[in-house]
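None of the values given here were measured: they were computed from a predicted structure. Both ligands and their constituent atoms are indexed starting at 1 by order of listing. Both backbone and side-chain heavy atoms feed into the values below; hydrogens, waters and symmetry mates do not.
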Amino acid sequence: MRQFIIAGNWKMNLSVDQSVALAKDIVEISKEIKKTSIVIAPTYLALSKVADVIKGSNVKLACQDIHWQDQGAFTGKVSIDMVKDLGVEYVIIGHSEQRQYFGETNETVNLKVKKTLSAGLTPIICIGETLDERNGGNLESVLSAQIKGAYQDISKEEALNTVIAYEPVWAIGTGVVATDEQAQDTQAFVRSVLQDIYGEEVASALRIQYGGSMKPDNAAGLLGQKDIDGGLIGGAALKADSFFAIISAAEAQSK
Ligand code: 13P
């Protein structure tokens with residue numbers, strides 16, 4: 001049975017003080033959540049302080065990217081050991097904003113996934129198509145290439161320690177959410193690609209989140225779909241009450 005995973009991607013929002021305050025609120029209101037995995041991904045600058053806040057709670061820490069090298073002359077980058085030391089357990093990799101603005105490719109996603117797994121952390125691998133790709137009939141080829149690229153030379157055992165976030169680019173930050181049916185159909189396809197690579201056992205165990213304008217009012221419908229195992233939330237994760245409403249929607253229909 002796949003456990004829901006609800007993750008808040010705070011992106012380049014919130015100061016360190018604001019991040020600490022939000023983390024405190026989330027810890028407080030999530031105390032009774034027993035079945036749903038809760039993850040928050042603040043700015044790197046707040047990781048250390050937020051780690052202190054969530055210690056001993058059921059809220060886990062993620063960062064929003066890493067570099068695949070261990071160390072060296074990579075100005076502006078952060079290594080896996082640096083974030084692991086701070087208590088980070090999940091790493092968001094290949095977000096569409098990284099792909100769109102910072103040159104992320106399926107190859108660099110793969111390098112980052114390998115580095116994250118080798119450190120014993122869990123990658124949250126983001127995939128998703130643009131509206132042009134969807135309308136042009138390329139949805140399946142784009143997603144398939146993203147998945148095969150991300151999982152290149154990743155063993156079955158390693159694959160089991162990954163999470164996928166399907167985030168249609170046209171739904172991110174736009175308020176235009178995929179319909180329950182669109183999201184379900186696409187995520188079933190994602191699972192079928194995983195099945196082609198790893199077989200039924202791995203494909204049915206892997207958690208696939210939906211991301212892109214998930215909000216309290218549409219979360220229950222999306223999370224009720226067979227192949228949707230959680231959410232990667234942007235805007236609605238920046239306020240404790242809306243993030244908690246989505247967590248509650250997951251908890252209420254925990255599989
Ligand atoms: P929104 O929830 O703001 O659409 O962002 C989704 C996202 O990109 C999460 O990674």
Enumerate the atoms of ligand 1 whose separation from the nearest heavy atom of [X] is less than 4.0 angstrom.
X    : answer
G212 : 4 (O), 6 (C)
E167 : 6 (C), 7 (C), 8 (O), 9 (C), 10 (O)
G173 : 1 (P), 3 (O), 4 (O)
G235 : 1 (P), 2 (O), 3 (O)
A171 : 4 (O)
N9   : 9 (C), 10 (O)

Compute the minimum heavy-atom distance from [X] to ligand 1 and say whether it is under 4.0 Å.
X    : value
K215 : no
G211 : no
G175 : no

Would you say NZ of K215 has more than 12 non-hydrogen atoms from neighbouring residues, nucleotides or ligands within 6.0 angstrom?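 Enclosed: over 12 neighbouring heavy atoms sit under 6.0 Å from NZ of K215.
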Would you say NZ of K24 has more than 12 non-hydrogen atoms from neighbouring residues, nucleotides or ligands within 6.0 angstrom? no
Quick one: list whatever passes salt bridge (Lys or Arg N to Asp or Glu O under 4.0 Å) with K34, sequence neighbours left out.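 For K34 there are no salt bridge (Lys or Arg N to Asp or Glu O under 4.0 Å) partners, ignoring immediate neighbours.
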Which heavy atom of G212 sits nearest a heavy atom of V177, and at what distance?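 So the two residues come closest at O-CG2, 3.6 Å.
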Applying salt bridge (Lys or Arg N to Asp or Glu O under 4.0 Å) as the test, list every pair that has at least one member in residues 157-168; sequence neighbours left out.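 Counting only pairs at least two positions apart or across chains, no salt bridge (Lys or Arg N to Asp or Glu O under 4.0 Å) contact touches residues 157-168.
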Return a yes/no value for [X]: is any of its N or O atoms, backbone included, closer than 3.5 angstrom to an N or O of ligand 1?
X    : answer
S213 : yes
L232 : no
M214 : no

Does the pair R134/E129 count as a salt bridge with the N-to-O cut at 4.0 Å?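 Salt bridge: yes.
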Under 30°, 30 to 60°, or over 60°: which ring-plane class applies to H67 and F74, parallel, tilted or perpendicular? tilted
Could you check atom 2 (O) of ligand 1 against the protein and tell me its nearest heavy-atom contact, residue, atom and distance included?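 For atom 2 (O) of ligand 1, the nearest protein heavy atom is G234 N, 2.9 Å.
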